[in-house]
Amino acid sequence: MRKRKENSMNKKKFDFKSVANVLLPLVLALLVGTIIIVCMGEDPIAAYSALLRGAFKGKLKLGTTLASFTPLLLTSVAFIIAAKAGAFNVGVEGEVFLGGITAAYIGINWTFLPKPILLLTCFVGAIVVAAAWAFIPAALKVYYNVSEVCTTILMNSVALYITNYLVSGPMSAGAANAQSDPVTVTLPQIMKPSSLNVGIFIAIAVTLLVIFMLQKTSLGMQIRMVGTNPANAEFAGINPKTTFIKAMMISGAIGGIAGAIEVLGVHGYFLNNFASGLGSNGMLAALIVKNNIVTAPFIAFFIAVLKSGAMGMQQATSVPKSLVDTITAVFIIFACMELIGNIRSKKKHSDDKKA
């Protein structure tokens, strides 16, 4: 009983530490942003207030923020699940593109299906194609020891060129901007006139499902063991190669879901290069929290707030929206520094010595 209580206390302590490791860099980044705003001769309180109003005031702005949060949440979760198996999947963005183009193709051409089944088929198609795309770098890694970082970066460009060709040629709507015809089935909109749709609930459900899978299932345990020590995992009877590939394919599937939500819920058609930056921002959110899947949604939401509120801040004050990129960059620098952790451990060691 006593041991159980101690374990519970240690868990709480760990959780508090994880939150503190995120909050401290956030406060420091906002402080740096405050100094920059003051140096520009502007009022930082007014600037940050305008940013928050731009992100939250009214249905349109709040809905836009939540719509931006949806793909960031999914791309951060996609990166994390691959990272848990020891993979650095930089190719989430390419998987978003291919998932989106697949959902668009099915949504445009498979009109013989009833709409509910057609909607489901769009998602299934996006998942299958994106997972198959993620299988390629995973297989190259485990069977030929080719770096998944290099292959996924290069495959992002290939995915972009494939979708660019399709919406400029066979799937082109003939518009000035390269895009497909409108899909015949879409996700229901909420908080109109914003682009927020029920895709946000799909994203939350996927995140909860992944958390459950990682923490409560044998597959999740295998993924974590392979990511921690592949040799030990193999000794325990787990096939590290198969598990690595599975984790990468699940990661790709989640990227495909993000692409399908953007096409079916936000745009209503495939817009060329629509997912630019989604993969990298999701990856940054994951890296900031050191692949902690529980705290990643909060950072993804914070990045969405910054991106959505930046224009409102620029319109209300003379502070350019590029300041948001500066704050994000500083946030990442502070969050990735091991110095903060080292200072804490030194202080603890010193306190222990005094005691």
Side-chain angles (χ1 to χ4, degrees), residues 63 67 70-71 73-75 77-78 91-136 155-156 158-207 209-210 246 249-276 278-279:
T70 302
L73 174 61
L74 287 170
T75 51
V77 169
V92 175
E93 197 162 291
E95 290 144 15
V96 173
F97 277 121
L98 290 177
I101 198 71
T102 304
Y105 177 82
I106 294 171
I108 293 165
N109 296 292
W110 292 22
T111 51
F112 55 87
L113 293 173
K115 286 202 171 180
I117 297 175
L118 178 58
L119 188 63
L120 181 62
T121 308
C122 288
F123 275 97
V124 171
I127 288 168
V128 170
V129 169
W133 189 254
F135 170 81
I136 298 169
M155 286 176 69
N156 277 342
V158 176
L160 177 60
Y161 292 143
I162 289 171
T163 55
N164 186 15
Y165 162 73
L166 289 173
V167 293
S168 300
M171 289 178 64
S172 175
N177 295 324
Q179 62 187 58
S180 70
D181 289 318
V183 292
T184 56
V185 62
T186 57
L187 291 170
Q189 298 286 316
I190 51 179
M191 293 185 73
K192 293 180 180 180
S194 74
S195 56
L196 182 64
N197 56 82
V198 298
I200 190 170
F201 302 117
I202 297 172
I204 291 168
V206 168
T207 304
L209 188 63
V210 170
K246 283 179 183 176
M249 290 183 73
I250 294 169
S251 174
I254 295 169
I257 291 171
I261 289 172
E262 289 295 289
V263 168
L264 301 176
V266 176
H267 302 290
Y269 51 85
F270 186 95
L271 179 65
N272 188 40
N273 208 21
F274 77 94
S276 180
L278 284 182

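- Between I190 and I200, the closest heavy-atom pair is CD1-CG2, 4.4 Å.
- In this structure F274 satisfies the ring-ring contact (aromatic ring centres under 6.0 Å, His included) test together with F97, H267, F270, sequence neighbours excluded.
- The heavy-atom pair separating V167 from A178 by the smallest distance is CG2-CB, 4.0 Å.
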In residues 98-109, what donor-acceptor pairs under 3.5 Å come from side-chain atoms, sequence neighbours left out?
from	atom 1	to	atom 2	distance (Å)
T102	OG1	L98	O	2.7
N109	ND2	Y105	O	2.9

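- Rounded to the nearest 0.5 angstrom, I162 CD1 and M155 CE are separated by 8.5 Å.
- Closest heavy-atom contact between A203 and T70: CB-CG2, 3.7 Å.
- Not a single donor-acceptor pair under 3.5 Å links the side chain of S168 to the backbone N or O of Y165.
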Which atom pairs, donor and acceptor, lie under 3.5 Å between side-chain atoms of residues 124-136 and protein residues at least two apart or in another chain?
none

Just distance, no hydrogens or angles: give the donor-acceptor pairs under 3.5 Å from side chains in residues 249-264, sequence neighbours left out.
from	atom 1	to	atom 2	distance (Å)
S251	OG	A78	O	2.6
S251	OG	N89	ND2	2.9

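- Evaluation of the side-chain hydrogen bond (donor to acceptor under 3.5 Å, both in side chains) test over residues 181-206, restricted to residues two or more places apart or in two chains, returns none.
- Remark: N156 engages no residue in a side-chain hydrogen bond (donor to acceptor under 3.5 Å, both in side chains) (not counting sequence neighbours).
- Residues Q179 and L271 form a side-chain contact, since some pair of their non-hydrogen atoms from C-beta on lies under 4.5 Å apart.
- Between V185 and W110 there is no side-chain heavy-atom pair separated by less than 4.5 Å.
- N164 is not listed as a side-chain neighbour of N273, based on a closest heavy-atom distance of 4.5 Å or more.
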